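Below is one structure, written out as structure tokens; the observations come after it.
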Amino acid sequence: MNQPGRLHPITIAIRDMADIFGRMGFGIAYGPELETEHYNFDALNIPADHPSRDMWDTFWVKGKEDEGRKLLRTHTSPVQIRWLEKYGAPTRIIAPGKVFRNESTDATHEAQFYQLEGLAVDEDITLAHLKGTLERFSKEYFGTGAKVRLRPSYFPFTEPSVEVDVWFPQQQKWLEVMGAGMVHPKVLENAGIDAGKYQGFAFGLGVERFAMIKYGIPDVRLFHSGDIRFNYAFEQKVRTSDVLTSEKAV
């Protein structure tokens with residue numbers, strides 16, 4: 001007997017995450033996977049001579065010289081620039097999508113994977129708002145017993161910056177799942193936002209890593225193996241939340 005089709009577990013994870021953030025007032029935004037150097041790096045306070053560019057192993061794409069250099073986006077952070085340019089502030093969005101890094105694969109790394117960017121910009125936003133948002137999200141996604149910790153870090157587009165770890169019970173260790181911080185004033189200014197009036201926080205989480213922790217999956221490469229048996233191991237959910245009907249592309 002033929003079995004009915006199933007959603008991919010990454011789709012399930014993104015829908016679950018969107019439902020949680022939707023109840024916190026976040027809409028959904030999408031942007032192109034083939035990006036310009038401006039949106040992927042320059043507008044995010046990562047100029048051409050900035051050493052932080054070495055943090056991303058980039059797939060560059062050949063194109064016409066007069067169009068500027070293009071690349072497969074290394075994160076979904078460019079969506080926040082495109083969104084702020086088009087819609088301004090205040091705003092709260094998440095931006096899920098596929099990203100690409102030219103790196104070796106192992107149990108926790110892939111050359112292509114899914115990221116979910118979050119952005120909140122308003123007057124008087126603080127790091128405490130970021131911490132509270134991430135703790136609430138983690139406890140709703142993983143359960144009330146979820147353990148989350150923030151560590152000081154560095155990203156050129158946030159200041160101060162933190163890395164977020166979640167306890168991985170099946171492997172009895174902390175797993176780094178997210179980078180976050182307060183949006184750098186230069187990033188706001190590059191998007192046409194008055195940094196003297198508005199502040200914001202941003203975060204970028206790895207969708208597969210969150211699903212690995214929630215379901216006890218030992219290897220991230222299973223998500224991209226093409227093995228249909230993997231899909232049938234996950235509960236299917238159909239969301240009717242308003243957040244799933246308020247998607248916008250930029």
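Since the structure is predicted, the reported quantities are computational estimates derived from the model, not experimental observations.
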Can you name the closest pair of heavy atoms from [X] and [Y] and give their distance?
{"X": "Ala195", "Y": "Pro185", "result": "CB-O, 3.8 Å"}
{"X": "Ala180", "Y": "Val164", "result": "CB-CG2, 4.5 Å"}
{"X": "Leu119", "Y": "Ala202", "result": "CD1-CB, 4.3 Å"}
{"X": "Pro156", "Y": "His184", "result": "O-CD2, 3.8 Å"}
{"X": "Asp219", "Y": "Met212", "result": "N-CE, 4.1 Å"}
{"X": "Gly181", "Y": "Leu130", "result": "N-CD2, 3.7 Å"}

Test side-chain contact (heavy atoms from CB on, under 4.5 Å) applied to Val121 and Gln199, step by step
CA-CA 6 Å; Val121 178; Gln199 302 82 45; over 6 Å; no
Centres of the [X] and [Y] rings: under 6.0 Å?
{"X": "Phe137", "Y": "Phe210", "answer": "yes"}
{"X": "Tyr114", "Y": "His8", "answer": "no"}
{"X": "Phe21", "Y": "Phe203", "answer": "yes"}

Would Glu35 and Arg73 satisfy salt bridge (Lys or Arg N to Asp or Glu O under 4.0 Å), going step by step from the backbone distance to the final call?
CA-CA 6 Å; Glu35 260 297 1; Arg73 65 182 180 186; over 6 Å; no
Side-chain heavy atoms nearer than 4.5 Å, only ILVMFWY residues, links allowed to pass through others: does that put [X] and [Y] together?
{"X": "Ile20", "Y": "Val148", "value": "yes"}
{"X": "Tyr215", "Y": "Leu116", "value": "yes"}
{"X": "Leu175", "Y": "Phe113", "value": "no"}
{"X": "Val99", "Y": "Leu72", "value": "no"}
{"X": "Tyr87", "Y": "Leu84", "value": "yes"}

Would you call [X] and [Y] a side-chain contact if the rule is heavy atoms closer than 4.5 Å?
{"X": "Phe41", "Y": "Thr58", "value": "yes"}
{"X": "Phe142", "Y": "Val166", "value": "yes"}
{"X": "Leu134", "Y": "Met178", "value": "yes"}

Does any N or O in the side chain of [X] come within less than 3.5 Å of the main-chain N or O of [Y], such that one atom is a donor and the other an acceptor?
{"X": "Thr126", "Y": "Ala128", "answer": "yes"}
{"X": "Arg209", "Y": "Glu176", "answer": "yes"}
{"X": "Thr158", "Y": "Met182", "answer": "no"}
{"X": "Thr11", "Y": "Leu7", "answer": "no"}

Tell me yes or no: between the side chains of Thr74 and Asn40, is some donor less than 3.5 Å from an acceptor?
yes
From [atom1] ([X]) to [atom2] ([Y]), nearest 0.5 Å:
{"X": "Leu205", "Y": "Met17", "atom1": "CG", "atom2": "CE", "value": "5.0 Å"}
{"X": "Arg151", "Y": "Trp174", "atom1": "CZ", "atom2": "CH2", "value": "10.0 Å"}
{"X": "Phe100", "Y": "Phe59", "atom1": "CZ", "atom2": "CZ", "value": "8.5 Å"}
{"X": "Phe155", "Y": "Ser77", "atom1": "CZ", "atom2": "OG", "value": "9.5 Å"}
{"X": "His38", "Y": "Ile81", "atom1": "NE2", "atom2": "CD1", "value": "7.0 Å"}

Exercise answer: donor-acceptor pairs, residues 88-96 side-chain atoms, under 3.5 Å, sequence neighbours excluded:
unit_1: Thr91; atom_1: OG1; unit_2: Trp83; atom_2: NE1; d: 2.8
unit_1: Arg92; atom_1: NH1; unit_2: Met24; atom_2: O; d: 2.9

So Lys131 and Glu135, salt bridge (Lys or Arg N to Asp or Glu O under 4.0 Å) or not? Walk me through it.
CA-CA 6 Å; Lys131 185 174 185 290; Glu135 286 184 346; 2.7 Å; yes
Does NZ or CZ of Arg82 fall inside the cone over Tyr39's six-membered ring, less than 6.0 Å from its centre and within 45° of the axis?
yes
Using a 6.0 Å distance limit plus a 45 degree cone around the ring axis, check whether Lys214 lies over the aromatic ring of Tyr141.
yes
Set out, in order, the CA-CA distance, both residues' side-chain angles and the distance that settles side-chain contact (heavy atoms from CB on, under 4.5 Å) for Gln80 and Val187, then state yes or no.
CA-CA 10 Å; Gln80 69 171 270; Val187 174; 3.9 Å; yes
For Glu159 and Asn45, run side-chain contact (heavy atoms from CB on, under 4.5 Å): C-alpha distance rounded to whole Å, both residues' side-chain angles, the deciding distance at 0.1 Å, then the answer.
CA-CA 11 Å; Glu159 178 59 41; Asn45 197 36; over 6 Å; no
Can [X] and [Y] be counted as an ion pair, charged N to O under 4.0 angstrom?
{"X": "Arg149", "Y": "Asp165", "answer": "yes"}
{"X": "Lys98", "Y": "Glu33", "answer": "no"}
{"X": "Asp19", "Y": "Arg23", "answer": "yes"}

Is the number of heavy atoms from other residues, nucleotides or ligands within 6.0 Å of NZ (Lys186) greater than 12?
no
Begin with the C-alpha distance, continue with both residues' side-chain angles, and end with the deciding distance and a verdict on ring-ring contact (aromatic ring centres under 6.0 Å, His included) for Phe157 and His75.
CA-CA 12 Å; Phe157 32 78; His75 44 192; 5.8 Å; yes
For the pair Glu37 and Lys70, evaluate side-chain contact (heavy atoms from CB on, under 4.5 Å) and give the outcome as yes or no after the intermediate values.
CA-CA 6 Å; Glu37 186 175 21; Lys70 292 187 177 181; over 6 Å; no
